[in-house]
Amino acid sequence: MTRQSKTPHQRAEEALGVAQRRVERIDQALAHQRSLLATYEADLADAQARLDYARQDPALPTTSTGATA
């Protein structure tokens, strides 16, 4: 039994399929990462607001020692 080689058309179709699947996989990963980024940005904004509020506590000393910018 001889081995049948693929035609250039078959090779091109397979390469196209591989490339399409890779693009789809990366696109899905990117969408997921963007969703995570949006979540982290919202969490950061909330944490920053809480930090700013906590810095306004009258019980804290008003000197700049120990305060960070």
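The structure presented is a predicted model; accordingly, all values stated were derived computationally and were not measured.
A search for side chain to side chain contact (heavy atoms under 4.5 Å, CB included) contacts involving His32 returns Leu36, not counting sequence neighbours. Partners of Arg50 under the side chain to side chain contact (heavy atoms under 4.5 Å, CB included) rule, at least two apart in sequence or in another chain, are Asp46. Residues satisfying the side chain to side chain contact (heavy atoms under 4.5 Å, CB included) test with Leu37, not counting sequence neighbours, are Glu41. Under the side chain to side chain contact (heavy atoms under 4.5 Å, CB included) criterion, Leu51 pairs with Gln48, Arg55, sequence neighbours left out.
Sorted by first then second residue, the salt bridge (charged side-chain N to carboxylate O under 4.0 Å, His left out) pairs that include residues 18-33, not counting sequence neighbours, number zero.
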Using atom types as modelled, flag every donor-acceptor pair under 3.5 Å from a side chain in residues 4-14 to any protein atom, sequence neighbours excluded.
unit_1	atom_1	unit_2	atom_2	d
Lys6	NZ	Glu14	OE1	2.9
Lys6	NZ	Glu14	OE2	2.9
Thr7	OG1	Gln10	N	3.1
His9	NE2	Glu13	OE2	2.8
Gln10	OE1	Thr7	N	2.8

